[in-house]
Every structure is written in structure tokens, then in C-alpha cells.
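Here the structure comes first, spelled out in C-alpha cells, and everything after it is commentary.
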Amino acid sequence: MSTHKSEFIQTLVERGFLHQCTDLETVDARAVKEVITAYVGYDATADSLHIGNLVSIMMLHWLQQTGHQPIVLMGGGTTKVGDPSGKDETRQILTDEKINANISSIRQTFDSFLTFGDGSQDAIMVNNASWLDELAYIPLLRDIGRHFTINRMLTFDSVKLRLDREQPLTFLEFNYMILQAYDFLELAKRHDCTLQMGGSDQWGNIINGIELGRRADERELYGLTTPLITTASGAKMGKTAAGAVWLRPERYTPYDYWQFWRNTEDADVGRFLKLFTTLPMDEIARLDALQGSEINDAKKVLANAATALLHGDDAAREAAETSEKTFESGVTADGLPTTDVPKAELESGIPLFALLARAGLAGSNGEGRRLIKGGGARVNDIAIAEETAEISSDSINDDGVIKLSAGKKRHALIRPV
RNA sequence: GGAGGGGUGCCUGAGCGGUUAAAAGGGGCGGACUGUAAAUCCGCUGGCUAUGCCUACGUUGGUUCAAAUCCAACCCCCUCCA
């Protein structure tokens, strides 16, 4: 196989971003001679994106780095309807204020990966509410609906799978692909956007946009998808006990984020370095070749690089230091999550299980008790086995805090105030 | 509109009058082994300062000493027919 002509496609391929493309040769050729404008769409259902979105964010990053223009499309309009994909959970109706607040919070994440501005290669963020809100039903049916045949819509996986499993598919959901197709057409008209990127599950929706572009406006549009990233064990990435791994620090601290990457499975390190860091390929090849416990060094590099990319160099360094102290030197690090407890309360003694719950290491007092019974609870690194043990100010260590641990990895500090 | 089937804990899914805070598996948490990895093995997995109390099997009532289990109405889902 010959290598690709454009830096953009070359980068995507060698780093493992490319799953499918509607016309790789043409996109490759165009990327050589002109600035390509491409977009990825994101829903605004929460105030933060998560690890699952990171692959496409990195792809936008490389798009810009290789000389092209990224568009971040926020689904402000589609979120108002509620994303119909997934199960038939009751959709949360979000208010406009909430959606807009979500969008501005999410925007901050993109500032870490993209350069926004007015230049030809500067990224822009747009909200599909600005056109979807104004759509009128009859004109939409007449101008857009006429280009879709039910016959064809029924062949798309998103629809077909649902029908095959004999699961209900509402008319609303059925229309979702039309709205997304419409987004692509609108972006093509407004911003001369010619490429839509997304996860492999978006393939059908992307195709629809491309077809609509050709039929409604004689535009030549392209689509490109990333593979679904799973861990080597087959688990969907980014689903941890506490829930999703969020990208906003308010939801998921830089320290936890660093730890998330540090705990990558051996088999995933090379792949993740390529996808989630911007380290040069030869450096990654060297790290990927490490064997046995040396792989831990590669994991630290991964954690440092990925955290620095999202949260900045300082935050990454701090997280690395806290981790080093906690796991390798056995020193109490002040970068751990800290809970303030009034001195007076400590004087009179607090049951350990309650303190574990307050520090967030246990979800309830009962869980705290179970943790102690199971032998996973430690105070200042000393295991406590007595379920009703009380902690008082006697436990305050030389650093003026009490260090609590749940298992080997989860630590927190109690600070008397 | 008619005829059937079904709604159980984070998820899947058993139970079909008391011994049921509810089998089993998954997931999660903890322990052992390691390298803050994987695999494996073991324990735990509703809440409550707790030999007890409270809340839970779609909703609301009822039968019963006793109901997730029986009855009624209602809500929701699925299949077939129209």
C-alpha cells in the first residue's frame, strides 16, 4: 500500500483514527491542494464531554494541525428534542438556558485542543439550534423530505437494527437522521464545509448528509469515521465505577484523569499514545516496544501527555507529583482530594465508616462499613479492621491531616478546620 | 378495537402465599498474586452509629395472621389479529 499524499490523511491513518471514508483518495488529494473545512457534531446533554468524545476531538486537532479548518457543531437544536438513539429512557427535557450553559462549558474543553478565531484555518463553533429552531414543517418536508426515500432509510443500520430486534422506533427518532443530514447541508452552504467526521456509529447519518448535499444542492461532500475505541479486554472505554471519565475538571479532576491514563492496560498503551497524545511517532514506537514492568514508564508518559493536552502542563505535573508521592514514595501528598472537618467534631471522635463516606471514598455509611470489614480501609496507611472504629484528632499526622484510603488506589485527606 | 404475554435490585433474569433484602450471571467495590497492568482465585454488593428498625418487586386499593407471590382497577411495554 502506498502512503497517502496529504499530511492530514497520513496522520489519521498512521495514528489509527481512520475506520471508514466515503472517498479517501479524493479527500487525500484535496487536502494536498486546499484547506478542507470539516466538522464533528456533539450533543449538549451534559456540561462536559467525556473520554468517548476524545477520539473525534483529537481528530479535529490534527485536522487543524495539518493546515485545515475544524468546525465544532453543537447540537443545541437536536438536544432540545432529546437524542433518540440509545434506549427508551425517559428523555430529560433540557431548557434553553441549560443547553446554552452546557455549550459554553463544553466550549472550554475545545479551547485546549483547537485554536479559535477568524482566520481561514481557525476553528469555529456553531450551534445547530440557529437553523433547526427556525425550520417550518411543510417547507422542510417539501425541500428536504423529498430527497429521502423510506425504502432507503429503512436500510440504514440505526433503523434496521432496531426493527430487526423488533424494538419500537418512533417517528421522532426516524427523523433524526434527516435533521443531521440537514446540518451537513447547512454547514456546507454557510461555511463551505465538505467533510463530516464522527464515530463509526455515525456512518449512516453521515452518508445521509452526503446524499442530501448531492441531491438538494449538487454538492460533493465526504464522510470519514473513527473506529469505536475499546480496551484490549473489550470493554467500552471510559466507563469506570464513578461513571464516565469527564473532560471538564469540575467533574473529573486532573489528578483522577492522570490516574485514568496511568491505569491503562498494557496492551492498549501504544494504541492510546497514538490516539490521545501528540508525541511523535518514533517516540511512541520506542515506548510501545517496552516490555514487562517497563511499560509503566510508557503509561506515565501517556498520562502526562494526555493530561497536559487537556488540563495544561502545570496540572499534569501536579498530578504526576501527587501520584509519585502517593504510590511510589509513600509520602502523604497534598494534591489528593481533601475534605474539611471541624476540629470540634474530630475531638469527640467520628466513626471511620462515616468519615469514609464524608470523604467520598464510600457511597454510604453502610458501604464504609463493608469496606472496613473487607479489609480495604486504611487510616494514615494503617489498615483498620474494626468496623466501629472511631477516628479522633489523635489520628492527625505530621502534615496536619488524616489520610484515608479505600483500597490501594483511592485516597483522600481529612483536614481539620 | 380484539386475543395473548409481560413490568423484580445498577443491568440481564429466577421466584409465583410464610424459611425472600429476594436465586444465578454480569457489572462494581474490596482482598490475594503482581508492575497503580492483564488473567486467575476469594469476599462483599438497599438505607440507618444497627443482635434491631426502615424502605424495596409498575401504580392504587383489596383478600389474608402473613403478599414480589392471590384478587380488582389503572398505567406502561411486547406479540398476533383488525
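Labels below follow one simple rule: chain letters A, B, ... track the order of the sequence lines, proteins then strands, and each chain is numbered from 1. The structure displayed is predicted, hence computed values, not measured ones.
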Please state the [atom1] separation for the pair [N] and [M] - nearest whole angstrom.
N     : M     : atom1 : answer
B:A67 : B:A82 : P     : 45 Å
B:G7  : B:U12 : C1'   : 14 Å
B:C57 : B:U79 : P     : 27 Å
B:G61 : B:U69 : P     : 15 Å
B:G5  : B:G9  : P     : 22 Å
B:G43 : B:G26 : P     : 13 Å
B:U19 : B:C74 : P     : 32 Å
B:G17 : B:A24 : C1'   : 23 Å

Worksheet entry | Under 4.0 Å protein heavy-atom contact, by nucleotide of nucleotides 33-39 of chain B - B base, S sugar-phosphate only | -BBBBS-
Rounded to whole Å, how long is the line connecting atom [atom1] of [X] with atom [atom2] of [N]?
X      : N     : atom1 : atom2 : answer
A:R370 : B:A21 : CZ    : C1'   : 12 Å
A:R369 : B:C44 : CZ    : C1'   : 15 Å
A:K373 : B:U49 : NZ    : P     : 14 Å
A:N365 : B:G46 : CG    : P     : 15 Å
A:E345 : B:U49 : CD    : P     : 13 Å
A:L356 : B:C29 : CG    : P     : 16 Å
A:I372 : B:G31 : CD1   : P     : 13 Å
A:L361 : B:G28 : CG    : C1'   : 16 Å

Fill in: A:F116 six-ring centre to A:R107 NZ/CZ under 6.0 Å and within 45° of normal
yes
Mind checking the [atom1]-[atom2] spacing from [X] to [Y]? Nearest 0.5 Å is all I need.
X      : Y      : atom1 : atom2 : result
A:Q121 : A:T115 : CD    : OG1   : 10.0 Å
A:L413 : A:N380 : CG    : CG    : 9.5 Å
A:Q180 : A:I207 : CD    : CD1   : 11.5 Å

Worksheet item: Just to confirm, is there a sub-4.0 Å distance from OP1 or OP2 of B:C48 to any side-chain nitrogen or oxygen of A:S364?
Response: yes
Fill in: In B:U69, glycosidic geometry as syn within 90° of 0 or anti otherwise
anti
Fill in: Heavy-atom closest contact (A:G270 atom, A:D288 atom, distance)
CA-OD1, 3.4 Å
Worksheet item: Which part of the nucleic acid does A:R410 contact within heavy-atom distance under 4.0 Å: base, sugar-phosphate only, or nothing?
Response: sugar-phosphate
Keeping the roles fixed (side chain from [X], backbone from [Y]), state whether a donor-acceptor pair exists under 3.5 Å.
X      : Y      : answer
A:N100 : A:D96  : yes
A:E7   : A:T66  : no
A:R410 : A:L361 : yes

Worksheet entry | RNA chain B: 5'-proximal contact among A:A406 and A:G363 (nearest heavy atom) | A:A406
Worksheet item: Could you spell out the base pairing of RNA chain B in dot-bracket, with Watson-Crick or G-U pairs whose two distances are under 3.5 Å, [ ] crossing and | to another strand?
Response: ((((((((.[[[..)..(.....]]]((((((.......))))))(((...)))...[[[[[..)....]]]]]))))))).
Worksheet item: Should A:E387 and A:R370 count as an ion pair when the cut-off is N to O under 4.0 Å?
Response: no
Worksheet entry | Single hit among A:T278, A:V72, A:L310, A:L60 for side-chain contact (heavy atoms from CB on, under 4.5 Å) with A:F113 | A:L310
